[in-house]
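First the structure, in the form of structure tokens, and then the observations on it.
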Number of protein chains: 2
Amino acid sequence: MADRRSRPRTGLTREKILDAAIAFVDEHGPEALSTRRLGAALGVEGMTLYHYVPSKAVLLDGMVERLVLQAADEAGPAQDAPWTEVVRDTANALRAVLHRHPGMLAVIATRPVNSPAALVLFDRTLGRLHSQGVPLDLAMDVLNAAMTFTIGHTLAEIGRTPGTPAAAFESASPSDAGPHLGEALAVGAGLDFERRHHRTLAMIIDGYAALAVC
Amino acid sequence: MADRRSRPRTGLTREKILDAAIAFVDEHGPEALSTRRLGAALGVEGMTLYHYVPSKAVLLDGMVERLVLQAADEAGPAQDAPWTEVVRDTANALRAVLHRHPGMLAVIATRPVNSPAALVLFDRTLGRLHSQGVPLDLAMDVLNAAMTFTIGHTLAEIGRTPGTPAAAFESASPSDAGPHLGEALAVGAGLDFERRHHRTLAMIIDGYAALAVC
DNA sequence: GCATCGATTCTTACGCTGTAAGAATCGTGA
DNA sequence: TCACGATTCTTACAGCGTAAGAATCGATGC
């Protein structure tokens, strides 16, 4: 354990940098993230970060991976739950994490999740479904559908441009939205995103459950 | 019609700029789009664009709006089709447009679609569903679900980082992907994205159709 | 034809970005 | 104590978005 000759002077770590970067984009938006500003938030010059992370692209990938791992932890260790619950939990955990880190949505949407850790997680979930008799191709499809729907839905729910924190339709007043949309908004339709997500997710899962039985 | 005293010297137009910008991101990726480079592609200095578009943010919004209008045109004028067909056509048209302009995916995912034109279109589709007896809140939900799923699904399908044109799992060889994912890929599962999109979309639509009947 | 005017384009400049290269600094093992 | 290596900072460069103003061009009024 003495392979490191000297210790960091400020306790800086790749993980600390990634977490600080996630906190930073949550507070200031992804477009405000720069090496110099992130360094300043960590009490360090911008170039110092390059000793821990080779480039900004890798930094962003690391942030995404951190979120994916967090979502996986959250999905809970209900190892023997029926696969429909597994899929539902996974999607809900992803949604919860994205809600807790709204600044990361634009990042995760713009960047493929190809990190080894993410693949391992995906594979593990795939295995859970397969062990319960779900054919592999259906397992791939229902997982992919649940995740992609969740990301798309959360994208529509949480404002996407950093300056526009409101959801897609909340910012539109009923007056300028057109007759039908205006009426729907006046009734309050389309604003309970959690309920809508839950309902559509159930349709997807039920649909694949019916396929898996046949 | 003589309110304009002088004519543009290179035939430049807001629309031409937006189309050139879309073509540019399709070819070089969204991160390569800069005012100077886009100007060069149009045979003009970068600052010239600011005479037609007030900022890069507005430029990006305009590009997204152009795509939305294009998708609406594509959905076809089957005015009296059953609402399930309307939803399906709308989602498929969106998917087709996104496929034709892969560089725009990151842009459209990062930017809310709040333009007046987009709202008018959404309202019109909402009205089509409502006139066939679909309650407004269900119409909102099924449209939102179909669109968000389509965007999320296409995000997962088409590589997201500009340097990574491959789909999410195509780049992962079966060997390093884990046992189950590896087996699934070896069988070729999860690669026919069009079929998968179509199938899950049908589940969503059918699910809401069942709700609308009750 | 010529002058004029306004629309269009270009030039310059500023602070910001990511990051390459190398110098400076500090904690630790010998 | 000394030297080494890990860590941090300094400097520099090209490119970014864009503010401000100068230059240029085409159509119009005389």
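The chains referred to below are lettered A, B, ... by the order of the sequence lines, with proteins before strands, and numbering in each begins at 1.
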Just list the side-chain donor-acceptor pairs under 3.5 Å for residues 37-51 of chain B, sequence neighbours left out, or say none.
from	atom 1	to	atom 2	distance (Å)
Arg37(B)	NE	Ala32(B)	O	3.0
Arg37(B)	NH2	Ala32(B)	O	3.4
Thr48(B)	OG1	Glu45(B)	O	3.2

Rounded off to whole Å, could you give me the [atom1]-to-[atom2] distance for the [X] and [N] pair?
X	N	atom1	atom2	answer
Leu49(A)	dA20(C)	CG	P	14 Å
Leu38(B)	dT9(C)	CG	P	13 Å
Arg14(B)	dA7(C)	CZ	P	18 Å
His51(A)	dA23(C)	NE2	C1'	14 Å
Leu59(B)	dT18(D)	CG	C1'	13 Å

Below 4.0 Å: OP1/OP2 of [N] and any side-chain N or O of [X]:
X	N	value
Tyr50(B)	dT9(C)	no
Tyr52(B)	dT9(C)	yes
Thr48(A)	dC9(D)	yes

(request) Treat primed atoms plus P, OP1 and OP2 as sugar-phosphate and everything else as base, then score nucleotides 11-16 of chain D 5' to 3': B for base contact with protein heavy atoms under 4.0 Å, S for sugar-phosphate contact only, - for none. (result) -B---B

(message) Side chain of Glu45(B) only, heavy atoms from C-beta on: which candidate in dC9(D), dT8(D), dC10(C) is closest?
(response)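 Of dC9(D), dT8(D), dC10(C), dC10(C) is nearest to the side chain of Glu45(B).
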
(message) In the structure I gave you, are the side-chain heavy atoms of Thr154(B) and Thr150(B) within less than 4.5 Å of one another anywhere?
(response)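 Yes; the side chains approach each other to less than 4.5 Å.
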
(message) For His197(A), give me all partners under ring pair (Phe, Tyr, Trp, His ring centres under 6.0 Å), at least two apart in sequence or on another chain.
(response)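 Phe149(A), His153(A).
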
(request) Only counting residues at least two apart or in another chain, list the ones meeting side-chain hydrogen bond (donor to acceptor under 3.5 Å, both in side chains) with Asp89(B). (result)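 In terms of side-chain hydrogen bond (donor to acceptor under 3.5 Å, both in side chains), with neighbours along the sequence ignored, Asp89(B) is linked to no residue.
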
(message) Glu74(B): which residues meet the side-chain hydrogen bond (donor to acceptor under 3.5 Å, both in side chains) condition with it, sequence neighbours left out?
(response)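 side-chain hydrogen bond (donor to acceptor under 3.5 Å, both in side chains) list for Glu74(B), sorted by chain: Arg100(B).
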
Expected list for residues 14-23 of chain B: side-chain donor-acceptor pairs under 3.5 angstrom, two or more places apart:
from	atom 1	to	atom 2	distance (Å)
Lys16(B)	NZ	Gly11(B)	O	2.9
Asp19(B)	OD1	Arg66(B)	NH1	2.5
Asp19(B)	OD2	Arg66(B)	NH1	2.7

